[in-house]
Amino acid sequence: MNIATVIVDVPALGTDKEFDYLIPEKWIGIIETGMRVAVPFGPRTIQGFVTGLKNDSSFSEKLKELKEPLDLTPVLNEELLKLGEWLATDTLSFKISCFQAMLPAAMKAKYEKRFLRINMDDNPFLDDLFDGKTEITWKKAEEQNILPALHAQIKLGNAEVVYNVKSLANKKMRKVYQTMMNNEEIILLVNSLPQNAINQKRILEYVIKRQAIQYTAKELAETGSPQSSIQALVKKGVFTEKSEEIYRDPFAHKQFNRSAPLPLTEEQNKVIAPILETIESENYETFLLYGVTGSGKTEIYLQSIQRVLDKGQEAIVLVPEISLTPQMVDRFKSRFGDDVAVLHSGLSIGEKYDEWRKVQRKEAKVVVGARSAVFAPFENLGIIIIDEEHETSYKQEELPRYHARDVAIYRAKHHHCPVILGSATPSLETFARAQKKVYHQLTLAKRMNNKELPHVSIIDMREEMRDGNRSMFSRELHSKLEDRLEKKEQTILFLNRRGHSSFMMCRDCGYVMQCPHCDISLTYHQYTNEMKCHYCGYISFVPSTCPECSSNHIRYFGTGTQKVEEELYKIFPEARVVRMDVDTTGRKGAHEKLLEHFQSGKADILLGTQMIAKGLDFPNITLVGVLSADTMLHLPDFRASEKTFQLLTQVSGRAGRHELSGEVVIQTYTPEHYSVEYAGDQDYNRFYHQEMVMRKVGSYPPFYYLTLITISHEDLMKTVSTTEKITKYVQSRISNEAIILGPVASPIPRINNRYRYQCLIKYKHEPELKPTLHKVLEHYQQQYIKEGLAISIDVNPYMMM
DNA sequence: GAACAACACCCG
DNA sequence: GGGTGTTGTTCG
């Protein structure tokens with residue numbers, strides 16, 4: 001086996017294939033499938049993944065030798081390599097992008113270009129160019145404007161360019177000092193030291209006191225002695241100096257109280273039985289764990305995982321990014337201790353890398369993390385759990401556009417283990433599959449403490465308006481807020497800002513400030529006092545008079561959290577409000593701090609957007625107010641009703657989870673809409689049936705699969721004509737059963753001066769579709785990429801914009 | 001994606 | 001001729 005097949009780090013269609021490389025003699029037997037290697041590629045050296053080993057190549061020319069391995073052990077096992085290939089075909093992405101998506105960001109290659117001086121003769125000009133050294137980085141040369149001069153020297157044979165592949169990953173190391181001396185020897189040494197060597201003496205006294213075999217640099221430094229005296233002792237042979245890898249521990253400052261399994265209710269016992277059976281019999285099966293909020297889903301997860309661990313297997317738990325609050329992590333850490341690795345975007349690149357390495361080295365058995373944690377490199381998986389299964393954050397919007405649920409099921413089939421999809425409001429796709437017995441449905445209908453679900457009142461804001469109430473708080477919400485403030489109970493106010501955020505409009509002529517590069521209105525940001533485009537980042541001043549008609553009746557509309565906060569202070573000056581949105585939670589850890597502040601009772605009202613809808617479980621919350629339930633309802637998205645229902649149900653579930661019972665007030669302009677009405681009744685079943693009718697009529701999932709093709713280009717005509725051509729071509733290659741919508745302009749027809757057209761394909765079974773789309777990409781990518789034509793294909797899209 | 005060869009163009 | 005900018009090809 002002296003030839004390696006390699007997928008190289010060039011995300012392009014022409015390079016999305018295996019390249020053969022000779023393995024140099026000294027690496028034979030060391031280089032394995034799944035390792036990262038540095039390979040020469042054209043004139044450069046780049047990173048690649050070894051996908052296989054073989055003895056002969058069909059490549060007709062002479063093979064190049066690969067340069068060196070970048071790992072000691074493979075970073076991708078056979079399963080993950082196969083998964084990557086499948087993912088690439090399934091989502092129409094490049095293999096290299098899929099491999100990279102499976103690994104922590106720290107493993108992405110960093111490339112470095114340097115000039116090396118070859119001619120060492122006395123040459124003042126060369127000395128000057130290289131600043132007296134033997135090499136200079138490309139970056140430095142560029143800054144100093146000496147690139148042309150260096151190129152000239154390369155031609156003369158006085159210098160050359162070397163390419164380096166560096167791993168972004170840096171293991172955190174620390175110095176440790178070991179001593180082989182016993183007490184007597186040390187005392188002898190202390191006595192032989194000169195009088196003034198107090199620092200060395202102090203260290204040795206510490207050593208005698210501690211009697212440890214090894215000391216960290218930090219420990220020795222704490223004796224108050226400088227680094228130089230430690231080095232002096234190393235020289236004298238007291239210590240041997242070593243480096244060892246340490247893990248960055250994001251939870252180092254935290255104490256986790258060990259928790260024991262809780263006794264299960266009768267209902268929970270019924271539900272967990274088939275899961276445990278599947279774990280025992282090592283079969284693949286997908287379960288839908290459908291349970292209302294507070295019904296004890298997490299305990300089911302924990303005890304299922306316990307069984308998996310008892311069998312010596314491993315577990316993956318996916319949670320939506322937003323709910324990776326300490327609360328969730330706490331529950332897993334306190335049950336499974338150091339067996340848990342946590343992977344989420346709040347960690348630094350290095351921290352993520354360390355958590356990943358814990359898994360790779362089998363030091364962790366349970367991974368709790370967001371979407372990408374589904375790729376955790378376990379080899380003996382016993383269960384995959386996806387909590388809040390309906391969350392759209394499980395779909396990655398960038399390449400590769402995969403859905404964690406699909407990956408989970410793929411991996412579970414490979415490992416013969418169960419997948420649990422947990423939700424109080426399952427996605428229609430999942431629930432429909434459970435109804436069809438594709439998934440095994442398990443239901444938890446009762447809340448654990450037998451608390452009743454909170455009472456929900458739906459307020460028609462049109463009526464409030466008619467009765468002369470122009471405030472954003474209905475009379476009912478107002479009086480309930482007053483009541484809670486008096487009783488010192490807590491309230492959550494939820495503002496569904498997605499849909500329309502605050503924009504400027506002239507009351508006289510109706511002018512709305514638009515982004516000059518995108519067909520979207522600018523959003524007003526109070527904290528910076530700017531008008532900002534959410535798509536291209538364009539920033540403009542805030543007009544004081546209307547640019548169209550010069551009227552000074554230009555005002556901002558839509559309700560931002562800041563505006564609600566101001567209003568709250570006006571009505572309830574004594575209320576202590578915590579505001580949570582992108583502005584107040586930007587900094588790392590801010591999220592947790594605000595929640596802690598609220599939890600400890602230092603605030604009366606928690607005001608926020610989406611991010612407060614999930615996972616919060618505070619005993620003193622007795623009122624939940626939704627300020628405008630229907631802003632999302634009018635988005636051009638067939639899932640708008642589903643999302644509205646889910647969100648309203650989720651927020652309502654925040655109230656009265658403990659001793660105190662709760663109330664929910666939902667304010668809306670469309671109380672008659674079924675998603676609002678059924679959310680008010682907390683009636684998932686009726687919502688499901690109504691929504692399924694709508695989906696059937698519209699030929700949407702779960703009745704049809706979708707694939708969305710979006711074409712964008714600076715020139716409108718080019719965009720339209722290309723979309724037309726592609727649509728026609730696709731139509732000619734697939735059956736009449738499929739429905740093709742388009743070409744039509746995208747919901748946002750222009751972003752960053754690029755026009756956007758799209759074509760939506762609805763289908764049930766089209767084996768030719770993916771090959772056809774691949775051909776489309778091949779055809780156009782080659783032909784048009786230089787003109788700036790962009791084609792994006794999203795299989796099972798969640799964002800229709 | 002990036003390097004480079006091939007090509008076109010311009011210089012006055 | 002030579003410098004400069006653009007385009008197309010290729011990478012094992």
Side-chain angles (χ1 to χ4, degrees), chain A residues 1-25 27-28 31-33 35-70 81 85 88 92-101 105 107-116 137-139 141-142 145-157 159-168 398-400 713-714 718 777-792:
Chain A
M1 300 294 218
N2 62 338
I3 293 170
T5 54
V6 175
I7 297 289
V8 293
D9 183 19
V10 180
L13 260 158
T15 49
D16 190 31
K17 58 173 182 183
E18 288 173 337
F19 286 83
D20 293 347
Y21 285 91
L22 276 175
I23 304 175
E25 198 69 39
W27 298 123
I28 289 180
I31 293 207
E32 289 175 57
T33 303
M35 276 183 183
R36 294 175 305 154
V37 286
V39 292
F41 196 67
R44 301 177 286 161
T45 304
I46 59 170
Q47 193 189 74
F49 289 87
V50 177
T51 53
L53 301 173
K54 55 186 183 179
N55 277 319
D56 35 25
S57 168
S58 56
F59 189 60
S60 52
E61 283 159 66
K62 197 165 171 268
L63 294 182
K64 283 191 183 174
E65 282 194 338
L66 59 79
K67 217 173 136 203
E68 58 182 353
L70 295 173
L81 281 170
E85 306 233 338
L92 293 147
S93 339
F94 308 120
K95 292 185 187 77
I96 189 69
S97 316
C98 294
F99 291 151
Q100 266 159 5
M107 296 219 143
K108 231 187 137 181
K110 212 169 87 182
Y111 298 108
E112 192 189 57
K113 254 196 306 191
R114 283 176 303 155
F115 293 96
L116 211 65
T137 63
W138 183 285
K139 221 178 127 199
E142 202 171 22
N145 266 329
I146 52 172
L147 281 180
L150 283 165
H151 277 294
Q153 291 304 316
I154 290 170
K155 279 209 176 125
L156 289 170
E160 67 175 348
V161 187
V162 285
Y163 298 87
N164 247 344
V165 183
K166 270 180 140 183
S167 200
L168 260 179
E398 308 88 55
L399 284 171
H713 192 269
E714 284 179 359
K718 182 95 204 163
L777 283 179
E778 249 168 45
H779 182 75
Y780 285 96
Q781 217 105 341
Q782 277 177 357
Q783 201 171 332
Y784 286 120
I785 201 101
K786 270 141 215 152
E787 286 179 41
L789 183 103
I791 302 172
S792 109

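In what follows, chains are A, B, ... by sequence order, proteins preceding strands, each numbered from 1. Just so you know, these numbers use all the heavy atoms, side chains as well, and skip hydrogens, waters and symmetry mates.
The CD1-C1' distance, from A:I23 to C:dG12, rounds to 13 Å in whole Å. Here the P atom of nucleotide B:dG1 and the NZ atom of A:K110 are 20 Å apart, to the nearest Å. When the C1' atom of C:dG12 is taken as reference, atom CD1 of A:I46 falls 11 Å away, rounded to whole Å. As a whole-Å value, the separation of A:H151 NE2 from B:dA2 C1' is 13 Å. Going from atom CG of A:D9 over to atom P of B:dA2 covers 10 Å, rounded to whole Å. Summarising the geometry, the separation between CZ on A:R44 and P on B:dA2 is reported as 6 Å, rounded to the nearest angstrom. Atom CZ of A:F41 is separated from atom P of C:dT9 by 16 Å (rounded to the nearest Å). Remark: P of B:dC4 and CD1 of A:I154 are 9 Å apart, rounded to the nearest angstrom.
The closest donor-acceptor contact from the side chain of A:N55 to the backbone of A:M1 lies under 3.5 Å. At least one donor-acceptor pair under 3.5 Å links the side chain of A:K64 to the backbone N or O of A:G42.
With sequence neighbours left out, the salt bridge (Lys or Arg N to Asp or Glu O under 4.0 Å) criterion links A:E112 to A:R114, A:K166. Among residues two or more places apart in sequence or in another chain, the side chain to side chain contact (heavy atoms under 4.5 Å, CB included) test is passed with A:L116 by A:E135, A:E160, A:V162. Here A:F49 pairs with A:F99 under the ring-ring contact (aromatic ring centres under 6.0 Å, His included) rule; sequence neighbours left out. Looking at residues two or more places apart in sequence or on another chain, you find a ring-ring contact (aromatic ring centres under 6.0 Å, His included) between A:F19 and A:F41.
When heavy atoms are screened at a 4.0 angstrom cut-off, A:Y163 is found touching the sugar-phosphate backbone but no base atom.
Listed by first then second residue, pairs satisfying salt bridge (charged side-chain N to carboxylate O under 4.0 Å, His left out) with a partner in residues 49-58 of chain A read A:D20-A:K54, not counting sequence neighbours.
Proximity of A:K113 to the phosphate of B:dA3: a side-chain N or O atom is located under 4.0 Å from OP1 or OP2.
Within residues 47-64 of chain A, no residue places a heavy atom under 4.0 Å from DNA chain B.
Closest to the side chain of A:P43, out of C:dG12, B:dC4, B:dG1, is B:dC4.
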